[in-house]
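Structure first, then comments.
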Amino acid sequence: MAEDFSALLIRWHAQHGRHDLPWQNTRDPYRVWLSEIMLQQTQVVTVIPYYQRFLAHFPTLEELAAAPVEEVMPLWSGLGYYARARNLHAAARAVMTLHGGVFPEAPEVIAQLPGIGRSTANAIAVVCFGARVPILDGNVKRVLCRVFGIEGVPGTAALESRLWQHAEELLPPLESLLEPVAGNLSLGGSGPNMTTYIQAQMDLGATLCTRNRPQCTVCPLEEICVARATGRTAELPQKKPRRALPERHATLLVIVHEHRVLLETRPPTGIWGGLRSLPELPPGEDATAYVEKVFGVTLIAPAQGGLRRGGSPAQTFMHVFTHFRLHITPLLCHVSLRPSAMEAGLHWLDLTALDTAALPAPVRRILAELSLYEAARRPVSAPRSTR
DNA sequence: AATGCGGGGTA
DNA sequence: TACCCAGCATT
């Protein structure tokens, strides 16, 4: 059975797999690693432009390690799970200091780097160094649960353990593998190897064995699939029991002086860690008094609730996280003076520099609307024509 | 062993 | 709207 599984997948991949993703024509550990980190919990189509931009900015591990983390975060703005960016940067420095700038080859050593777990470490070791180790991402888990009729609650140790055990046992037999040859990149025509095997698993999960309405009739594994044989493709894998999302509310202060807005750097851990965000107005506080007391600036007009393209008052909007729903109310505060001495972590952002700022998605949305609003409000200050 | 951590796509 | 996605770190 194990031989069938890998052999069927590898044969299928030659004809129907993906071969044109930007990170597929390299075995440079830095590029493979970067793509793997960006792809954690993030879909391929979302990652591609971020990957290209990141590499253009930091072409090598050495350059990434040498840069301050503040230059890294803007390149992750909008991608989510910002701890990934901080870990990536920390790991680059660890490779320089702990490994003399040479990316480690052993999966167990790779997995010691921050932000790299077992699956990601194994994927890097397979692609870059020809290791014979399994991966276990969302695609592989779904395929395994269906093909072998595995039940269990997602996220539990019991299920994870069983899946890893299956993945180990299903590896292509050693004698069936062509050893990767230095300089002979795995571009689909070089014969079966571990890279094509793990790529085949992910491609099958991404294109045929999808969460909804899998295309079983053209699946290479149809003959050996337990879920297909028992009509349970819709029940496997089991769904994760989900609680109702808690509701939270936040009033974000949009403190504007001329064409700049006041931002604060968020703590490295927690929501939007390390990013720059709008200051929050604590519940029950009066906006005018709070702004003067904390930031030392004076309002020149009453605080306005909301922002909308064109400047009309807008309602609260909602931003959904995995674990709660946040109702956000932007509060526009035009202020008369900019204090000379700024508290640590505070920062005036020029509205013309939004593109390069490390902002979470909803804050970027607010400031994009503010930028248009300000342009319409002050036609004198050279409005930039966006969209 | 369970929970925290974003944002976008899809049905 | 609800669910899911090339997971990992922390508690």
Side-chain angles (χ1 to χ4, degrees), chain A residues 17-18 21-24 32-51 73 76-88 90-91 110-124 126-127 134-143 152-161 163-164 167 195 198-207 209-214 234 237-246 248 266-275 277 318-326 328 358-365:
Chain A
R18 300 178 180 178
L21 301 179
W23 43 84
Q24 280 182 318
V32 173
W33 168 43
L34 176 63
S35 70
E36 290 292 336
I37 298 300
M38 285 190 166
L39 286 163
Q40 289 170 1
Q41 299 291 283
T42 312
Q43 295 181 346
V44 169
V45 288
T46 306
V47 164
I48 290 173
Y50 281 89
Y51 174 81
M73 300 311 294
W76 219 271
S77 172
L79 198 54
Y81 286 114
Y82 299 99
R84 292 184 295 174
R86 303 184 66 85
N87 285 332
L88 182 77
I110 300 175
Q112 295 305 305
L113 294 168
I116 303 183
R118 183 175 175 185
S119 187
T120 298
N122 285 3
I124 296 171
V126 165
V127 174
I135 59 166
L136 196 59
D137 50 41
N139 287 314
V140 178
K141 289 177 186 177
R142 185 171 55 254
V143 170
V153 181
T156 61
L159 178 60
E160 296 295 309
S161 171
L163 288 172
W164 273 113
T195 300
I198 66 173
Q199 189 65 53
Q201 291 180 84
M202 294 187 290
D203 287 352
L204 187 82
T207 63
C209 197
T210 50
R211 189 70 190 83
N212 306 109
R213 300 165 45 148
Q238 280 181 216
K239 290 182 182 178
K240 194 168 188 161
R242 219 171 279 272
R243 299 181 312 233
L245 295 184
R248 298 190 196 171
R266 297 188 58 87
T269 57
I271 291 282
W272 302 333
L275 269 67
S277 182
M318 188 169 63
H319 185 75
V320 184
F321 293 84
T322 313
H323 41 304
F324 63 93
R325 308 203 303 175
L326 183 61
I328 300 174
L359 306 170
V363 172
R364 181 172 298 282
R365 168 179 163 179

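Every chain is numbered from 1, with letters handed out A, B, ... down the list of sequences. None of these values were measured; they are calculated from a predicted model.
Here the separation of dA6(C) from dT3(B), taken at their P atoms, is 24 Å to the nearest Å. Across dT11(C) and dG6(B), the matching P atoms stand 15 Å from one another, rounded to whole Å.
With sequence neighbours excluded, the residues satisfying side-chain contact (heavy atoms from CB on, under 4.5 Å) with Thr42(A) are Thr46(A), Val47(A), Leu79(A), Arg84(A). Not a single side-chain hydrogen bond (donor to acceptor under 3.5 Å, both in side chains) links Ser35(A) to another residue, sequence neighbours left out. Here Pro154(A) pairs with Gln238(A), Lys240(A) under the side-chain contact (heavy atoms from CB on, under 4.5 Å) rule; sequence neighbours left out. The side-chain contact (heavy atoms from CB on, under 4.5 Å) check on Thr207(A) picks up Trp12(A), Arg18(A), with sequence neighbours excluded. Every residue two or more places apart in sequence or in another chain that forms a ring pair (Phe, Tyr, Trp, His ring centres under 6.0 Å) with Tyr51(A) is listed here: Trp23(A). With sequence neighbours excluded, the residues that form a side-chain hydrogen bond (donor to acceptor under 3.5 Å, both in side chains) with Arg325(A) are Glu247(A). Residues that satisfy the side-chain hydrogen bond (donor to acceptor under 3.5 Å, both in side chains) test with Arg118(A), not counting sequence neighbours, are Glu168(A). Remark: Gln40(A) engages Thr120(A) in a side-chain hydrogen bond (donor to acceptor under 3.5 Å, both in side chains) (not counting sequence neighbours).
Nucleic acid contact class of Gly270(A) (heavy atoms, under 4.0 Å, all strands): sugar-phosphate only. As judged by a 4.0 angstrom heavy-atom cut-off over every strand, Leu21(A) is placed among the base-contacting residues. Counting any heavy atom pair closer than 4.0 Å across all strands shown, Ala361(A) reaches sugar-phosphate atoms only and no base atom. When heavy atoms are screened at a 4.0 angstrom cut-off, Thr322(A) is found touching base atoms of the nucleic acid. If you check every strand for non-hydrogen atoms under 4.0 Å, Ile135(A) touches nothing. No engagement by Arg364(A) is indicated, since no non-hydrogen atom pair under 4.0 Å with the nucleic acid exists. Nucleic acid contact for Gln201(A): none, since no nucleic acid atom lies under 4.0 Å from a heavy atom of the residue. Gly205(A) comes within 4.0 angstrom of nothing in the nucleic acid, heavy atoms only. Here Trp76(A) lies out of heavy-atom contact (under 4.0 Å) with every strand. Residue Arg325(A) is classed as a sugar-phosphate contact, given heavy-atom separations below 4.0 Å to backbone atoms only.
The residue among Ala158(A) and Arg213(A) whose nearest nucleotide of DNA chain B lies closer to the 5′ end is Ala158(A). Between Phe321(A) and Ala157(A), the one whose closest nucleotide on DNA chain B sits nearer the 5' end is Ala157(A).
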Show me, pair by pair, the donor-acceptor contacts under 3.5 angstrom made by side chains of residues 134-143 of chain A, not counting sequence neighbours?
from: Asp137(A); atom 1: OD1; to: Asn139(A); atom 2: N; distance (Å): 3.1
from: Asp137(A); atom 1: OD1; to: Val140(A); atom 2: N; distance (Å): 3.0
from: Asn139(A); atom 1: OD1; to: Arg142(A); atom 2: NH2; distance (Å): 2.9
from: Lys141(A); atom 1: NZ; to: Glu160(A); atom 2: OE1; distance (Å): 3.3
from: Lys141(A); atom 1: NZ; to: Glu160(A); atom 2: OE2; distance (Å): 3.4
from: Arg142(A); atom 1: NE; to: Cys209(A); atom 2: O; distance (Å): 2.6
from: Arg142(A); atom 1: NH2; to: Gly205(A); atom 2: O; distance (Å): 2.7
from: Arg142(A); atom 1: NH2; to: Cys209(A); atom 2: O; distance (Å): 3.4

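Of all the residues in residues 35-44 of chain A, Glu36(A), Leu39(A), Gln40(A), Gln41(A), Gln43(A) reach under 4.0 Å from DNA chain C with at least one non-hydrogen atom.
Think of the region where chain A sits on DNA chain B: with heavy atoms and a 4.0 Å cut, that region ends 5' and 3' at dA1(B) to dG9(B). First and last contacting nucleotides of DNA chain C toward chain A (any atom under 4.0 angstrom from a heavy atom, 5' to 3' order): dT1(C) to dA9(C).
The closest donor-acceptor contact from the side chain of Tyr50(A) to the backbone of Ser77(A) lies under 3.5 Å. When atom types are taken as modelled, the side chain of Arg211(A) and the backbone of Pro237(A) share a donor-acceptor pair closer than 3.5 angstrom.
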Between Leu88(A) and Trp33(A), is the side-chain contact (heavy atoms from CB on, under 4.5 Å) condition met? List the steps. CA-CA 9 Å; Leu88(A) 182 77; Trp33(A) 168 43; 3.4 Å; yes

